[in-house]
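Some notes on the structure that comes next.
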Amino acid sequence: MAEKTTTAYAPAAVESKWQRRWEQRGTNLFTDQALRDPRDPFYNLMMYPYPSAEGLHVGNIYAFTGADVHGRYWRLRGKTVFEPIGFDAFGIHSENYALKLGVHPLDLIPRNIANFTRQLRRIGGMFDWNHTVDTTDPLYYKWTQWIFVQLYKGGLAERKKAPVNWCPSCKTVLANEQVIAGRCERCETVVELRYIEQWFFKITQYAQQLLDNLQHIDWSESTKRLQENWIGRSEGADLVFPLADPGARAAAGSGVRFNADREALRVFTTRPDTIFGATYMVLAPEHPLVDRVTSPEHRSEVEAYRLQAQQTDLVTRRKAEKQKTGVFTGGHCINPATGRAIPIWIADYVLMEYGTGAIMAVPGHDERDFEFAAEFGLPIVRVVAGPGDTAESPFAAAYVGDGALVHSGRFDGMAVEPAKRAIVDWLAEQELAEHRVHYRLNDWCISRQRYWGPPIPVIYCDACGALPVPENQLPVELPYVDDFRPHESGVSPLARVEGWYRTTCPECGGEARRETDVSDTVLDSSWYFLRYPSAAKNDVPFDADLTRTWLPVDSYIGGNEHAVLHLLYARFITMALHDMGHLDFAEPFTKFRAHGLIIREGAKMSKSRGNVIIPDEIIERYGADTFRLYLMFLGPFEQGGDYRDEGIQGPHGFLHRLWDTVMPVDQLEEGEPEPEIERKLHTTIRQVTEQVADLQYNTAIAALMEYLNLVRAGGRRARRSEVESLVLLIAPFAPHLAEELWERLGHEGGLFEHASWPAFDPDKARHDTVEIAVQVNGKLRSVVSLPAGSSQDEVVRVARADDRIRRYLDEGSVRRIVFVPDRLLNVVVSERG
RNA sequence: GCGAAAGUGGCGGAAUGGCAGACGCGCGAGACUUAGGAUCUCGUGGCUCCGGCCGUGGGGGUUCGAGUCCCCCCUUUCGCACCA
């Protein structure tokens, strides 16, 4: 009796065996030389995780598995796939957690990274552990600082005092993108407005390019839409409203005249066509000209309102969408279109951050202005007549639609769109207007008054001013500080470390101080993909040859929650480095796909709900292959899925059956596949090949299940030739199991190193007989079986012979026949009676 | 309010304008077993007078034929939100 070869499928044993073997063989590792000379390189990137103390969550694993399946697939199709992973370990989140635990982040983070590494290995990702990054490693953030210096030199970094979002709980500044509905995205504390000296990157200089390039990059539409909205381009005009001299009201209608100093209010509008209906002006309370326009008798009221606005936090101010408030300044300016003097108000519904911080109010055609005018009894003039309106039609609400201009002098009768241009052109002749584009995007504030980040590499000298740290002095190392707590005053923890911040000026050698703020974590991740191929090199941030070979990234997979932070800023940094000659491409990610979100039993997962999935437990019970396969089977990868605990049985049973089908290898039958099975095999190869390339994993897996069902139908025993390809097709999803079966089938040296993806043969997929649906008047009445390629006449003849069809044809005359070869016949007959 | 996506069995989800519900979960019946995830076979949208009829959020339309295309409406989710 031969040695027993049948053993039950034991995922844990199979998986640890292959993980060990991949490691020993360096299956997924690149040497520097191998990276320099790849055949058909494919850079398969996924968003690197933030190494929390809780370990990988199922969302991480979902994303990584989806990306890994893609990478393994392309590897089997012959590409050289570089699939790196790293750790985004700086930032407020880690720091807060360390504070909570009373552990120093320098102790905490390495522990978390070790745990993450263990978990990442366990799920069977094809990661190149020779090329990882850790953003907290001085060898990494040296180059983050280098990027700051490059942007500084390129004129893209500036220091300015600016209103910023201050989180009183995190005790730091937040980027606009980190403020959600007026609250801190991390701790949900109400954000305050503060005026602090900050470092900004001038991303607004790239607004148009960031927008334009969206046209040609292959990204998920949803992501592109988010970026488009965030950039927020508005086309309109800047209009000039000259300030009226005191007492100008008396001179109403006397034409446009500047005062002696030619003072004016500048407003941005997208509706210059409605300028004849501008009956008052509104300035943001913080507007610099408020003092200038306020008359003595209104001063106290104006001051009180400004103070109130200043003290109101952003949430209350922004959410006060019901009641409009504001006060009259006593000042007036001239509407350049009508020549009339109109009053100037201040109100907090006008924001200093957008446009010019001032508006012309057209209550007839703007909802907010209408509301305000109604509240304060200001005049409302109709200047656009919609369909069915006359010039004198009364308003129930602002009319914002299209129509013909009225009460607009020589522009009466013009439609809204042409009038926009005509009016701006007319005013431009008098230098009172210019066409203008505004963006909602603001410059990127990168300063953080915290400890756990790369120090911003700047030195302040009383004599020489602010200077970047010379590149040969990088990195500016983050010192080990026992007391790293943030402070309410906004003074950074590093400002308390005198021995660290005192330094000498690189210019004059005199006494100088270091910048004590650290940079935003998002800067770390704005270039990490450039670092991976060059991770082993310490003399440059990214090696020119390696970068040319591997970048831009071929495939990037990640979550849409990073659409406007990471993904937009990474594009900006890449463009900036490109323009400064450091890169020869301007877009970092040729293709980006956003994956969906995993929910559980129809509900969002959260710690507070107590319904999070613990990956380690699932993997221990079912194995990584089953977990991977189930996650990919849940639903369309780009839409996410609903994780139901019982559902894992399906993919688990499938892998067991696959094992049982192949496993007594010496009992597999030899010979060609049975014809029906071979046809199914080749249609399956075609479907899986197409769908895995397109991330349609759930249906690809369904096709594999269908095929195995057919192979095993009725307790049938498989032939070797029927299952070998199947093992390869499942390999991207269940790499360990596939390797094991492949080896047991007698192949040496490893599936991912030596095997290649099965080829689809259209001849073998072809069916001799086809089932043709037969309809009468569009309703299915029968199905007939005929040789493939049968003509319409033949099909009609067979159909007519069918009882179920004849019944319907007897009583009516055939009026028309629709024939779709090999698929369908529709006989249209006259309705009876 | 603006923008985007989506509404299909008990559930997750399939369907180049051409047989709606693939695949899986769950459930039902049976078989073989009975120590772990068992495995196998058959069935499983609703109604039915067993001829069929009705079914993809609702209402219209185009078409020989609509889950799919067009128009209107409803609901849900996700962004953005006094952005001038």
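Below, chain A is the first sequence line, B the second, and so on; all start at residue 1.
Looking at the side chain of A:Leu226, the nearest of the listed nucleotides B:G79, B:G13, B:G18 is B:G79. Nearest nucleotide to the A:Thr270 side chain, out of B:C19, B:A84, B:G37: B:A84. Among the nucleotides B:C80, B:C54, B:A84, the one closest to any side-chain atom of A:Lys779 is B:C54. Out of B:G3, B:G26, B:C64, the shortest distance to the side chain of A:Asn229 is found at B:G3. When distances are taken from the side chain of A:Trp230 to each of B:A81, B:A84, B:G37, the shortest belongs to B:A81. Of the candidate nucleotides B:C64, B:G37, B:G12, B:C64 has the atom nearest to the side chain of A:Val818.
Mapping A:Val828 and A:Leu780 onto RNA chain B via the closest heavy atom, the residue that lands nearer the 5' end is A:Leu780. Nearest-nucleotide assignment on RNA chain B puts the 5′-proximal partner with A:Arg644, out of A:Arg644 and A:Pro636.
Residue contacts for A:Glu228: at a heavy-atom cut-off of 4.0 Å it reaches no nucleic acid atom on any strand shown. Residue contacts for A:Pro11: at a heavy-atom cut-off of 4.0 Å it reaches no nucleic acid atom on any strand shown. A:Asp369 comes within 4.0 angstrom of no nucleic acid atom, judged by non-hydrogen atoms across all strands. Residue A:Ser222 is classed as having no contact, given no heavy-atom separation below 4.0 Å to the nucleic acid. Within 4.0 Å of A:Arg815, counting heavy atoms only, lies no atom of the nucleic acid at all. A:Gly714 comes within contact range of the sugar-phosphate backbone alone, with a heavy-atom separation under 4.0 Å but no base atom that close.
The base of B:G18 lies close enough to the side chain of A:Gln775 for a donor and an acceptor atom to sit less than 3.5 Å apart.
Using a 90° window around 0 for the glycosidic torsion, B:G51 falls inside it and is classed as syn. In this structure, B:G9 is classed as syn because its glycosidic torsion stays within 90° of zero.
Summarising the geometry, the separation between NE2 on A:His652 and C1' on B:G24 is reported as 15 Å, rounded to the nearest angstrom. Rounded to whole Å, the distance from CD on A:Glu706 to C1' on B:G21 is 13 Å. With rounding to whole Å, A:Leu631 atom CG is found 13 Å from B:G12 atom C1'. Here B:A14 presents its P atom at 14 Å from CE of A:Met705, a figure rounded to the nearest Å. Put simply, CZ on A:Arg657 is 7 Å from P on B:C25, counting in whole angstrom units. For the pair A:Tyr349 OH and B:A81 P, the computed distance is 20 Å after rounding to whole Å. Atom pair A:Glu646:CD and B:G13:C1' shows a separation of 16 Å (rounding to whole Å applied). Between the CD atom of A:Glu638 and the C1' atom of B:C78 there is a distance of 16 Å, rounded to whole Å.
Applying the 4.0 Å criterion to OP1 and OP2 of B:G18, one finds that A:Asn826 has every side-chain N and O outside that range. Neither OP1 nor OP2 of B:G13 sits under 4.0 Å from any side-chain N or O of A:Thr699. OP1 or OP2 of B:C78 has at least one side-chain nitrogen or oxygen of A:Lys604 nearer than 4.0 Å. For A:Arg712, a side-chain nitrogen or oxygen approaches OP1 or OP2 of B:C40 to under 4.0 Å. Dashed line: the shortest gap from a side-chain N or O of A:Asn709 to OP1 or OP2 of B:G24 is under 4.0 Å. Taking 4.0 angstrom as the limit, A:Tyr622 places none of its side-chain polar atoms (N or O) nearer than this to OP1 or OP2 of B:G37. Proximity of A:Arg816 to the phosphate of B:C64: a side-chain N or O atom is located under 4.0 Å from OP1 or OP2. The phosphate of B:A81 has OP1 or OP2 within less than 4.0 Å of a side-chain N or O from A:Arg440. When the side-chain nitrogen and oxygen atoms of A:Arg781 are compared with OP1 and OP2 of B:C53, one or more of them lie within a distance under 4.0 Å. Between A:Lys224 and B:G3, a side-chain N or O to OP1/OP2 separation shorter than 4.0 Å is absent.
The distance from the CD atom of A:Glu740 to the OH atom of A:Tyr9 is 9.5 Å, given to the nearest 0.5 Å.
Side-chain N/O atoms of A:Tyr349 and A:Thr325 include no donor and acceptor closer than 3.5 Å. Side-chain contact, A:Arg712 with A:Thr661: a donor N or O sits under 3.5 Å from an acceptor N or O. A donor-acceptor contact closer than 3.5 angstrom is absent between the side chains of A:Thr356 and A:Asp238. For the residue pair A:Ser234 and A:Tyr354, a side-chain donor N or O sits within less than 3.5 Å of a side-chain acceptor on the partner.
The aromatic ring of A:His656 does not sit over the base of B:A38; the criterion of centres under 5.5 Å apart with planes under 30° is not met.
Comparing the C1' positions of B:G9 and B:G43 gives a spacing of 15 Å, expressed to the nearest Å. When the P atom is used for both B:C72 and B:C2, the distance is 14 Å, rounded to whole Å. The C1' atoms of B:C73 and B:C53 are separated by 28 Å, rounded to the nearest whole Å. Rounded to the nearest Å, the gap between the P atom of B:A15 and that of B:A81 is 35 Å. Taking atom C1' in both B:G55 and B:A66, the straight-line distance is 14 Å, to the nearest Å. Between B:C80 and B:G17, the two P atoms lie 34 Å apart (nearest whole Å). Nucleotides B:C74 and B:G60 have their C1' atoms positioned 15 Å apart, rounded to a whole Å. Atom name P, nucleotides B:G61 and B:C47: the rounded distance is 30 Å, in whole Å.
Of the nucleotides present, B:G46 is the one that pairs with B:C53 by Watson-Crick or G-U wobble criteria, both distances under 3.5 Å. Pairing partner, B:A4: B:U77, with both Watson-Crick or wobble hydrogen-bond distances short of 3.5 Å. In this entry B:U34 has no Watson-Crick or G-U wobble partner, no candidate having both defining distances under 3.5 Å. Under the Watson-Crick and G-U wobble criteria, each requiring two contacts below 3.5 Å, nucleotide B:U68 is left unpaired.
Of the residues A:Ile599, A:Asn611, A:Leu631, the one that meets the side-chain contact (heavy atoms from CB on, under 4.5 Å) test with A:Tyr643 is A:Leu631.
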Fill in: Stepwise salt bridge (charged side-chain N to carboxylate O under 4.0 Å, His left out) check, A:Lys680 with A:Glu706
CA-CA 9 Å; A:Lys680 183 71 172 176; A:Glu706 254 185 90; 2.9 Å; yes
Discussion item. What verdict does the side chain to side chain donor-acceptor pair (under 3.5 Å) test give for A:Ser220 and A:Asn560, after you've listed the backbone C-alpha separation in whole Å, the side-chain angles of each residue and the deciding distance to 0.1 Å?
Written reply: CA-CA 9 Å; A:Ser220 294; A:Asn560 245 347; over 6 Å; no
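In this structure the side chain of A:Met281 reaches within 4.5 angstrom of the side chain of A:Val267, judged on heavy atoms. Between A:Tyr622 and A:Leu655, the closest side-chain pair of non-hydrogen atoms is not below 4.5 Å.
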